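Notes for the one structure printed next.
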Number of protein chains: 4
Amino acid sequence: MPKANPKRESRIQKISRELILIAATEVFAGRGYRGATLDQIAEQAEMSKTNLLYYYSSKEELYLATIVSTLDVWLDSLERMDPDGDPEVELKRYISEKIRFSLENPAASRLFANEVLHGAEHSRSILTRRLKVLMDDKSKALRKWMQSGKLVRVDPHNLIFIIFAATQTFADFAAQIDIVTGKSLHDKRYFAQVARDLQQVILRGIISEQ
Amino acid sequence: MPKANPKRESRIQKISRELILIAATEVFAGRGYRGATLDQIAEQAEMSKTNLLYYYSSKEELYLATIVSTLDVWLDSLERMDPDGDPEVELKRYISEKIRFSLENPAASRLFANEVLHGAEHSRSILTRRLKVLMDDKSKALRKWMQSGKLVRVDPHNLIFIIFAATQTFADFAAQIDIVTGKSLHDKRYFAQVARDLQQVILRGIISEQ
Amino acid sequence: MPKANPKRESRIQKISRELILIAATEVFAGRGYRGATLDQIAEQAEMSKTNLLYYYSSKEELYLATIVSTLDVWLDSLERMDPDGDPEVELKRYISEKIRFSLENPAASRLFANEVLHGAEHSRSILTRRLKVLMDDKSKALRKWMQSGKLVRVDPHNLIFIIFAATQTFADFAAQIDIVTGKSLHDKRYFAQVARDLQQVILRGIISEQ
Amino acid sequence: MPKANPKRESRIQKISRELILIAATEVFAGRGYRGATLDQIAEQAEMSKTNLLYYYSSKEELYLATIVSTLDVWLDSLERMDPDGDPEVELKRYISEKIRFSLENPAASRLFANEVLHGAEHSRSILTRRLKVLMDDKSKALRKWMQSGKLVRVDPHNLIFIIFAATQTFADFAAQIDIVTGKSLHDKRYFAQVARDLQQVILRGIISEQ
DNA sequence: CATGAATGAGAATTCATTCAT
DNA sequence: CATGAATGAATTCTCATTCAT
């Protein structure tokens with residue numbers, strides 16, 4: 001039972017678990033928890049289903065592992081927002097990183113969208129521990145900026161949600177964009193345009209002119 | 001097969017189909033296509049599963065019917081944006097209607113979020129026909145406003161996506177909001193606050209000051 | 001869901017459930033809970049496994065149903081022991097009925113032997129309700145006979161256990177008997193011999209001579 | 001393959017095989033052949049499953065080994081019944097030893113009960129060789145005692161079965177006893193009471209008064 | 001000797017769907 | 001219209017066993 005002592009994973013274990021995780025993230029992201037099957041994940045990971053279950057002993061456990069393993073990188077860009085920096089600079093960078101992340105890790109991004117869309121039943125406790133804490137923390141930075149007159153006064157949590165939403169939309173709902181515009185974020189020009197538009201609208205919307 | 005001549009549905013048929021649709025929308029929205037079962041929908045509709053299948057002869061067909069039936073109302077608020085009106089007024093109203101709609105029809109709202117998130121495989125052609133056409137149309141209005149200097153110049157499609165995203169977030173990802181803020185849009189005060197914040201940020205972001 | 005209203009079973013339901021129960025009793029008796037498979041039971045019942053699960057929605061539920069349905073007949077012979085009758089007559093009849101029952105319902109008999117042997121984890125509560133109550137009741141009869149000097153003084157519960165054991169042995173452990181003696185209880189002569197020996201030993205053992 | 005030359009087992013091999021056997025007896029006894037898993041046995045033996053399979057190359061082989069290894073001790077008390085002794089003394093001792101054995105080796109006791117209950121498919125040939133031979137032998141002693149008028153005339157095999165049954169009941173069906181009486185044979189007082197009752201009933205039942 | 005890694009053959013369920021009435 | 005009965009195709013998970021080291 002490899003889980004017995006997770007600190008002491010052998011090299012091959014680490015690799016296998018990593019491979020599985022990547023495959024699982026992709027499949028779960030693409031079809032949701034219920035829609036994904038272990039068969040698909042095993043195939044994606046080029047591994048027998050039984051072997052997969054040797055590493056993660058249930059679908060649920062594997063799913064949670066994907067959530068946990070992506071949560072960090074997902075939150076990373078927000079995490080790096082510096083409360084002591086200039087809001088315009090910080091927010092510009094955050095938006096740009098966030099949208100870049102969504103583009104580079106579409107699976108991770110969708111994984112969360114799907115999970116949260118369905119009520120976060122699987123990951124509520126994890127999200128409370130990580131997401132809530134981080135957002136509460138960053139809210140303070142935003143509030144400080146608001147108090148010093150650099151940002152328009154809105155609910156800081158709401159502001160983060162709005163940025164979340166606006167940035168993720170382009171990655172998570174790519175199908176919609178493809179249908180409507182025929183374009184894909186993989187088109188570098190379009191990507192740049194989107195980033196610019198997003199930054200412009202959001203920053204204009206919240207930065208106070210003196 | 002009742003579908004043979006949909007014009008000639010009896011009264012009871014119409015009612016049954018309607019009941020099923022409502023139930024299906026809710027269940028599909030809550031658990032996704034794969035996650036939903038006909039049993040659940042039948043129970044929600046207070047009807048035997050067999051009977052349900054009498055009206056909609058497959059899960060797929062029923063699912064598509066929910067998409068079609070909700071698409072109209074979902075697009076309605078956008079549809080009513082008047083190209084000849086004042087952009088500030090029109091957009092303010094649009095945002096407020098959109099968020100109100102998401103609140104009042106959370107199921108419909110999530111149904112689409114889920115469908116599009118998963119690539120719109122079931123509904124691509126429908127969306128192309130309806131969503132694309134409408135967005136292309138409204139884009140013209142936006143572009144006109146931009147050209148007359150009333151709105152900042154951004155890609156009009158992107159602008160609509162941003163508004164979509166920002167408004168829907170609060171309905172579709174309610175779980176996230178609940179986790180982070182402990183609040184729900186059903187709390188009227190919070191709802192008003194969200195609407196205000198959204199309007200402020202977006203309108204500030206796109207309305208040009210002369 | 002046929003279980004919804006068990007009182008209102010249709011004719012075909014009753015038959016199916018009965019057929020399944022018979023098949024299940026046999027298979028469970030022969031191979032134990034874990035050893036039995038739904039496939040085997042379904043085959044025995046000449047029914048698809050899925051259909052079987054339509055009537056009993058899990059293996060556990062089916063197993064409990066077999067326990068419940070056989071418990072009555074299993075306890076019947078003891079139940080009919082008359083506290084006001086003559087102990088010799090009553091016990092003689094009880095022993096003879098018990099062994100006959102074991103012969104005629106070997107599956108039911110073994111079902112219990114197996115269940116109890118493995119700690120009655122599935123049926124503890126049922127047994128408590130039925131078996132305990134009955135044995136407590138009959139113990140009173142035995143005690144009365146003991147007090148009136150008609151029976152030797154032993155613990156009444158123990159006495160019932162001894163009779164249980166002695167009678168069941170010949171049905172439940174038929175394999176042993178077959179191996180050692182080459183005989184089967186289906187051989188009428190042997191059956192009669194066993195019944196006689198049992199009655200003689202037990203009755204001699206407990207009836208007081210004045 | 002260590003089995004190749006069982007005489008040439010190293011010390012550590014002997015110990016491992018013994019440990020496995022003890023663990024296996026317990027687990028097989030508690031859950032039956034199908035119900036037991038090699039994982040459980042390996043854990044009980046504090047050994048990896050792979051290593052366990054190094055010593056016993058299949059579940060079946062291990063199971064048979066437990067049967068063989070317990071058969072001796074199980075038959076021991078009967079074996080020691082002396083045909084030249086006094087029947088009352090010999091039988092009294094036998095009963096007392098048998099019930100004590102069942103108490104002290106409940107696993108071994110149940111192992112057989114379970115095996116025989118399920119038709120002794122795994123061990124038929126072994127039982128024939130050992131059990132049958134011994135019982136045939138001891139039957140002669142009993143018959144001799146009957147012919148000399150010291151014992152009631154019943155079928156000697158049946159008599160042994162009855163004693164088997166009556167004594168084992170209290171160990172094998174402990175769950176039943178617990179349910180009905182709330183007592184356990186581990187309670188020394190209760191144990192003594194059971195032994196006394198058993199001896200009294202059986203001996204009264206078969207010893208002839210001159 | 002000992003263990004970790006891998007696998008195929010089940011096993012219990014679930015679920016959309018069809019059949020008969 | 002409506003329902004109960006029946007089923008086959010998944011799907012998750014278990015377990016004995018083999019392979020490699």
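In this text the structure is predicted, and so the values were computed from the model without any measurement. Below, chain A is the first sequence line, B the second, and so on; all start at residue 1.
The separation between A:K49 atom NZ and E:dG10 atom C1' is 11 Å, rounded to whole Å. The distance between atom CG of A:D39 and atom P of F:dA10, rounded to the nearest whole Å, is 10 Å. Rounded to an integer number of Å, the gap from C:E43 CD to E:dA11 P is 12 Å. In this structure, OH of D:Y54 is placed 13 Å from C1' of E:dT3, rounded to the nearest angstrom. Whole-Å rounding puts the B:Y56 OH to F:dC1 C1' distance at 16 Å. Rounded to whole Å, the distance from CD1 on B:I41 to P on E:dT17 is 11 Å. Remark: P of F:dA5 and CG of B:N51 are 16 Å apart, rounded to the nearest angstrom. Counting to the nearest Å, the P atom of F:dT11 and the CG atom of A:L52 are 15 Å from each other.
Relative to the side chain of A:K59, the nucleotides E:dA6, F:dT12, F:dT17 differ in distance, and F:dT12 lies closest. For B:Q13, taking side-chain heavy atoms from C-beta onward, the closest of the listed nucleotides E:dA11, F:dC1, F:dA16 is F:dC1.
Annotation: of the two residues near DNA chain F, A:Q40 and D:S58, the 5′-most nearest-nucleotide partner is A:Q40. Both D:S16 and B:L53 lie close to DNA chain E; mapped to their nearest nucleotides by heavy-atom distance, the more 5′-ward contact belongs to D:S16. Mapping B:T50 and C:R34 onto DNA chain E by nearest heavy atom places C:R34 closer to the 5' end of the strand. Along DNA chain F, the nucleotide closest to C:S48 and the one closest to D:E60 are compared, and the more 5′ of them pairs with C:S48.
The distance from atom CZ of B:R34 to atom OG1 of A:T37, rounded to the nearest 0.5 Å, is 7.0 Å. Rounded to the nearest 0.5 angstrom, D:I41 CD1 and D:T25 OG1 are separated by 9.0 Å.
Searching all strands for a Watson-Crick or G-U wobble partner of F:dT17 with both distances below 3.5 Å returns E:dA6. The partner of E:dC1 is absent, by the rule that a Watson-Crick or G-U pair needs both atom distances under 3.5 Å.
Among the protein residues, B:A42 comes within range of no part of the nucleic acid, since none of its heavy atoms lies under 4.0 Å from any strand. Here C:T37 lies in heavy-atom contact (under 4.0 Å) with sugar-phosphate atoms only. At a threshold of 4.0 angstrom between heavy atoms, the contacts of A:L38 are confined to the sugar-phosphate backbone, with no base atom among them.
Each of B:L53, B:L52, B:N51 was compared with B:Y55 under the side chain to side chain contact (heavy atoms under 4.5 Å, CB included) criterion, and only B:N51 meets it.
Counting heavy-atom neighbours within 6.0 Å of D:E43 CD, excluding the residue itself, gives a total of 12 or less.
Taking 4.0 angstrom as the limit, C:Y55 places a side-chain polar atom (N or O) nearer than this to OP1 or OP2 of F:dA6.
Between B:Y63 and B:F28, the ring-plane angle classifies as perpendicular under the 30° and 60° cut-offs.
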